[in-house]
Protein chains: 2
Amino acid sequence: MVMSKPPSDARIRARNEAKILKAAVKIFSLKGFDGTRIAEIADASGLPKANVYYYFATKEAIYETLVERLLTGWDKTLEHIVADREPREALSAYIHAKLEYSRRHVIESRFFANEMLRGGRFLSSGQKKHMQDITRERVEVIEEWIRQGKMVAVEPNHFFMMLWAATQFYADFTTVAAVTLNKSQLTRDDYDCAYETIVKTVLDGCLIAE
Amino acid sequence: MVMSKPPSDARIRARNEAKILKAAVKIFSLKGFDGTRIAEIADASGLPKANVYYYFATKEAIYETLVERLLTGWDKTLEHIVADREPREALSAYIHAKLEYSRRHVIESRFFANEMLRGGRFLSSGQKKHMQDITRERVEVIEEWIRQGKMVAVEPNHFFMMLWAATQFYADFTTVAAVTLNKSQLTRDDYDCAYETIVKTVLDGCLIAE
DNA sequence: AAAAAACCTGACCAAAACGTCAATTTTTGA
DNA sequence: TCAAAAATTGACGTTTTGGTCAGGTTTTTT
């Protein structure tokens with residue numbers, strides 16, 4: 001006699017797609033698109049492979065869904081950069097938020113890093129444009145601050161990329177960071193220290209005038 | 001009748017291994033270890049697959065050879081950081097050298113980024129130790145500069161990681177940079193501008209005191 | 001309660017991938 | 001010059017992989 005399970009409160013499709021995507025982003029983030037086997041995704045999500053195919057037609061479909069869905073998180077942190085805040089305060093907040101994102105969303109961060117490393121093959125031109133627009137808005141804020149004499153005349157795009165790189169680093173290259181600091185894992189203190197270092201350096205520079 | 005080719009001046013083994021490794025690093029850097037097919041390496045190096053196997057027993061062997069060989073380039077740029085130079089001059093030189101390396105050795109840079117992104121599975125503990133030692137030496141230089149009152153008291157490890165990230169970025173995430181700058185490719189000017197931005201910001205900060 | 005819709009999955013397939021090998025050609029060294 | 005060593009490669013065998021499918025079960029709808 002077969003017992004029927006109690007009807008799941010959550011929609012079945014939603015629940016299973018979530019399982020699959022959660023497992024997938026982890027493996028994609030570690031092995032990239034070409035290196036990922038769907039059987040592995042199936043195992044990791046606790047579903048038989050054929051069931052994965054019931055929800056997603058191809059490997060590409062899974063990957064594209066993730067790209068689309070994770071792109072949203074991309075701009076969240078940038079919201080701190082607004083013209084009516086003081087640069088010191090706004091930039092500190094951005095760096096903090098971005099580091100926090102790197103710490104708490106290592107996998108998603110790496111997923112994107114992987115995609116970029118491969119040249120953004122799966123980014124639609126629409127998505128690229130979105131990234132551009134988001135960045136341009138913030139670049140304009142920087143330009144405004146420069147005009148107001150609150151910041152030195154740095155090239156805003158490269159300035160942003162520097163901040164992005166410095167913070168993204170802690171998600172993508174945790175291994176390098178751990179090796180450098182001679183630890184097996186990064187703790188919250190390490191992230192705090194990273195924050196201090198980046199903020200202090202970027203805002204006020206590292207040199208002491210003679 | 002079959003003509004025998006003139007005897008190659010270069011040793012055959014050396015020449016073919018070089019061909020294979022050159023093709024391999026390119027593909028590995030784009031697709032990572034798991035994503036790379038040996039047939040593809042064979043095609044790219046213009047050798048039949050069986051011939052690739054004649055020189056390298058497994059895919060791992062190729063990959064490990066590359067890790068070992070490319071690790072050497074890792075520390076080159078750090079040589080600029082020496083205690084008897086002035087920090088401004090030394091750090092500028094380092095940033096310049098690292099950016100130049102990113103520009104001219106995109107593929108090798110990405111190869112390592114890929115490896116790190118995957119957690120450095122193929123790095124032996126000896127190689128990790130090497131990276132640590134190299135870094136520690138330079139950290140000591142920074143500490144010396146701080147002691148001499150030439151630099152503000154930043155955490156040297158994180159300070160280095162920041163520089164590393166900011167410069168490495170231009171090799172690993174060329175795509176992001178290109179999208180941001182709305183170009184299809186980065187030119188030398190872009191790298192120069194990156195240099196200016198990073199140096200100015202890191203050394204003197206981005207803020208103007210009121 | 002019964003039909004319809006949604007969900008599940010073991011078994012299967014064709015293509016691709018890794019790796020082997022025996023037979024041949026080329027190069028080297030005495 | 002000629003035998004041994006090194007290099008080359010087409011063809012093959014095995015395993016893995018992406019993807020399919022038919023037939024079943026469960027859930028939803030009416």
Side-chain angles (χ1 to χ4, degrees), chain A residues 1-28 30-67 114 118 121-122, chain B residues 1-66 114 118 121-122:
Chain A
M1 170 176 186
V2 180
M3 292 289 290
S4 66
K5 290 172 196 160
S8 50
D9 40 345
R11 230 71 251 92
I12 293 177
R13 170 170 282 272
R15 181 163 42 85
N16 280 343
E17 282 184 0
K19 269 190 201 170
I20 294 167
L21 291 173
K22 188 177 172 186
V25 69
K26 193 164 187 172
I27 299 171
F28 278 135
L30 224 52
K31 307 194 171 180
F33 180 79
D34 300 290
T36 295
R37 306 287 100 111
I38 331 197
E40 212 178 339
I41 295 179
D43 286 351
S45 54
L47 262 41
K49 190 174 55 134
N51 204 357
V52 171
Y53 275 103
Y54 175 74
Y55 289 106
F56 294 95
T58 59
K59 191 158 77 159
E60 277 86 351
I62 304 181
Y63 196 86
E64 277 161 14
T65 305
L66 283 170
V67 170
N114 236 314
R118 279 139 223 265
R121 276 189 294 167
F122 282 89
Chain B
M1 169 176 187
V2 180
M3 291 288 291
S4 67
K5 290 173 196 161
S8 51
D9 39 346
R11 223 94 230 92
I12 294 177
R13 167 167 284 271
R15 181 164 41 86
N16 281 343
E17 282 184 358
K19 269 190 201 169
I20 294 167
L21 291 174
K22 188 177 173 185
V25 69
K26 194 165 188 173
I27 299 170
F28 279 134
S29 77
L30 224 51
K31 307 196 172 179
F33 180 79
D34 300 288
T36 296
R37 306 288 100 114
I38 326 201
E40 212 178 340
I41 296 179
D43 286 352
S45 54
L47 262 41
K49 192 175 52 135
N51 203 356
V52 171
Y53 276 105
Y54 175 74
Y55 288 106
F56 295 94
T58 60
K59 191 157 76 158
E60 278 85 350
I62 304 181
Y63 197 85
E64 278 161 14
T65 306
L66 282 171
N114 237 314
R118 277 139 226 266
R121 277 188 294 166
F122 283 89

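Every chain is numbered from 1, with letters handed out A, B, ... down the list of sequences.
Of the residues in residues 23-32 of chain B, none lies under 4.0 Å from DNA chain C by heavy-atom distance.
Residues in residues 39-66 of chain B take part in these ring-ring contact (aromatic ring centres under 6.0 Å, His included) pairs, two or more places apart or across chains: B/F28-B/Y63, B/F33-B/Y63, B/Y63-B/F111, B/Y63-B/F122. Within the structure, salt bridge (Lys or Arg N to Asp or Glu O under 4.0 Å) contacts touching residues 40-51 of chain A (residues at least two apart or in different chains) are A/K31-A/E40. Sequence neighbours left out, not one pair with a member in residues 50-64 of chain B passes salt bridge (Lys or Arg N to Asp or Glu O under 4.0 Å).
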Across nucleotides 8-20 of chain D, 5' to 3', mark each nucleotide with B, S or - according to how protein heavy atoms within less than 4.0 Å reach it. BBB------SBBB

Please step through side chain to side chain contact (heavy atoms under 4.5 Å, CB included) for the pair B/L21 and B/V25, ending with a clear verdict. CA-CA 6 Å; B/L21 291 174; B/V25 69; over 6 Å; no

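The interatomic distance linking B/Y63 (OH) with C/dC18 (C1') rounds to 18 Å, in whole Å.
For A/A18, there are no side chain to side chain contact (heavy atoms under 4.5 Å, CB included) partners two or more places apart in sequence or in a different chain. Under the rule for a salt bridge (Lys or Arg N to Asp or Glu O under 4.0 Å), the partners of B/R121 that lie at least two apart in sequence or sit in another chain are B/D34.
The two residues A/I20 and A/V52 come nearest to each other via the heavy atoms CD1-CA, 4.0 Å.
An OP1 or OP2 oxygen of D/dA6 is reached within less than 4.0 angstrom by no side-chain nitrogen or oxygen of B/R13.
Two residues are said to be in side-chain contact when any heavy atoms from C-beta on lie closer than 4.5 Å; B/K22 and B/K26 fail this criterion. Put simply, the side chain of B/N114 reaches to within 4.5 Å of the side chain of A/R118, judged on heavy atoms.
Each of A/K19, A/R13, A/R15 was scored for a salt bridge (Lys or Arg N to Asp or Glu O under 4.0 Å) with A/E17, with one residue passing: A/R13.
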Quick one: which protein N/O atoms are closer than 3.5 Å to N/O atoms of nucleotides 3-5 of chain C? Pair and distance per line, please.
none

